[in-house]
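Below is one structure, written out as structure tokens, with a few remarks after it.
Every chain is numbered from 1, with letters handed out A, B, ... down the list of sequences. Every heavy atom of this structure was used, including side-chain atoms; hydrogens, water molecules and symmetry mates were not.
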Number of protein chains: 2
Amino acid sequence: MNTRDKITRLADQLIRKQGYNAFSYKDLSEPMQVRNAAIHYHFPAKADVGIAVIDKAIREFDEYKQQWSDLPENEQLEQFAQMYMRNCKQGLICLMGSLAPDYLTLPEAMQMKVRAMGQDLLDWLTYCLEQGRKKGLFSFSGEAYDRALLVASTLLSALLLNRVLGEDTFQRMYDQLLSDLLKK
Amino acid sequence: MNTRDKITRLADQLIRKQGYNAFSYKDLSEPMQVRNAAIHYHFPAKADVGIAVIDKAIREFDEYKQQWSDLPENEQLEQFAQMYMRNCKQGLICLMGSLAPDYLTLPEAMQMKVRAMGQDLLDWLTYCLEQGRKKGLFSFSGEAYDRALLVASTLLSALLLNRVLGEDTFQRMYDQLLSDLLKK
DNA sequence: TTGATTACTTACTAGTAAGTTAGTAGTTTT
DNA sequence: AAAACTACTAACTTACTAGTAAGTAATCAA
């Protein structure tokens with residue numbers, strides 16, 4: 001892994017642990033054992049770091065989608081939810097949960113990336129729910145897009161609230177979410 | 001309204017617009033037309049501002065709860081959700097949505113306050129849902145506490161996502177949330 | 001009337017933030 | 001072998017951060 005990728009990975013963890021506005025070039029340069037200017041060489045401005053992190057997340061989600069594409073929709077959704085559960089076990093929230101509260105303080109280029117990432121995720125989830133309902137794998141009322149909003153929102157908040165309200169919070173919300181969707 | 005209350009109110013809006021780590025004493029002193037030391041006179045450390053904001057939110061929610069106490073539970077829930085809708089119209093997210101992502105960067109005294117605020121809200125919502133279900137006003141499966149987590153999470157995320165995904169997002173999630181709970 | 005308290009001000013500090021400039025090894029290209 | 005490129009470092013700047021110390025005018029209590 002090259003330096004640029006190492007920085008991106010480290011920044012990703014910092015953003016999802018502390019938030020975009022709470023990490024600095026020092027938090028990147030010190031663990032990497034380089035000078036602050038070395039980070040600026042790869043990423044001239046802080047927004048460039050943020051954009052690289054979001055781009056990486058979009059690419060990785062693309063890969064997951066491909067890997068899951070042959071599974072039935074209920075299992076795809078479970079895989080999707082387990083992605084969040086793995087984050088939870090590492091004490092990390094999701095990128096949207098971290099960046100949405102700071103949205104108005106982000107440079108425009110980052111705002112656009114965050115929006116694109118959200119739309120990308122929602123598009124996939126909407127299609128997954130719609131197809132799954134057609135096959136009788138899911139049971140829910142209303143438009144699939146609206147349900148996708150609620151599903152994504154539950155997983156996002158579950159990561160947030162797990163930190164604040166206690167370590168069983170994610171699991172409780174996860175179980176209830178799936179039981180709601182799968183029940184006849 | 002005295003200076004201390006004005007500062008608290010301004011800080012509340014800044015936290016819910018930009019996040020706790022993205023606002024400074026300057027953001028308080030400039031609009032108040034006082035020097036930075038004047039803010040420090042009322043709130044020696046930044047955490048003291050944060051704690052005052054959370055305390056105010058807890059007190060105000062207490063007042064709302066009292067005002068709603070004679071309403072049937074479905075109307076109490078609607079009032080609760082409309083509280084979030086008013087925030088949405090002002091472009092503000094809720095305190096939990098703002099502070100939970102930054103939770104690990106907050107001083108311990110603030111972490112405790114955030115947790116207390118969350119538990120307070122969840123306790124009320126759990127009781128509201130439980131009583132409402134007993135009376136046949138709500139229809140949902142599982143424990144009332146778990147359902148309360150999902151309801152709170154939906155409103156919290158609806159405010160976050162409304163910024164990122166477009167201005168109809170809150171309304172869509174609001175409608176779906178209430179329709180899910182109220183449907184027979 | 002004196003003394004204390006309240007609500008500030010001016011002026012400052014030490015630390016940190018993102019970002020820049022010029023220079024330099026080591027490698028790659030021509 | 002010369003030129004160009006890559007990946008840095010050393011040293012710096014400007015701007016802002018939370019926080020402090022000492023002083024002051026106005027009000028309030030004894």
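- Taking the charged nitrogens against the carboxylate oxygens, A:Asp62 and A:Lys65 do have a contact shorter than 4.0 Å, which makes a salt bridge.
- A salt bridge does not link B:Glu63 to B:Arg59: none of the charged nitrogens lies less than 4.0 Å from a carboxylate oxygen.
- Under a 4.0 Å N-O distance rule, the pair A:Asp27/A:Lys17 does not qualify as a salt bridge.
- Running 5' to 3' along DNA chain D, contacts with non-hydrogen atoms of chain A at under 4.0 Å begin and end at D:dT6 to D:dA10.
- Using cut-offs of 30° and 60° for the angle between ring planes, the A:His40 and A:Tyr25 rings count as parallel.
- Within the nucleic acid shown, B:Phe43 has no heavy atom closer than 4.0 Å to any nucleic acid atom.
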Can you give me the N/O atom pairs linking the protein to nucleotides 4-8 of chain C at distances under 3.5 Å, or say none if there are none?
unit_1: C:dC8; atom_1: OP2; unit_2: B:Thr3; atom_2: OG1; d: 2.8
unit_1: C:dC8; atom_1: OP2; unit_2: B:His42; atom_2: NE2; d: 3.1

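- The only option from B:Lys135, B:Gln131, B:Lys134 that meets the side-chain hydrogen bond (donor to acceptor under 3.5 Å, both in side chains) definition with B:Glu73 turns out to be B:Lys135.
- Ring-plane geometry between A:Phe80 and A:Trp124 is classed as tilted, the angle between the planes lying from 30 to 60 degrees on a 0 to 90 degree scale.
- Here A:Lys113 does not pair with A:Asp120 in a salt bridge; the nearest charged N to carboxylate O distance is not below 4.0 Å.
- Side-chain contact between B:Leu125 and B:Val151 is present, with at least one heavy-atom pair separated by less than 4.5 Å.
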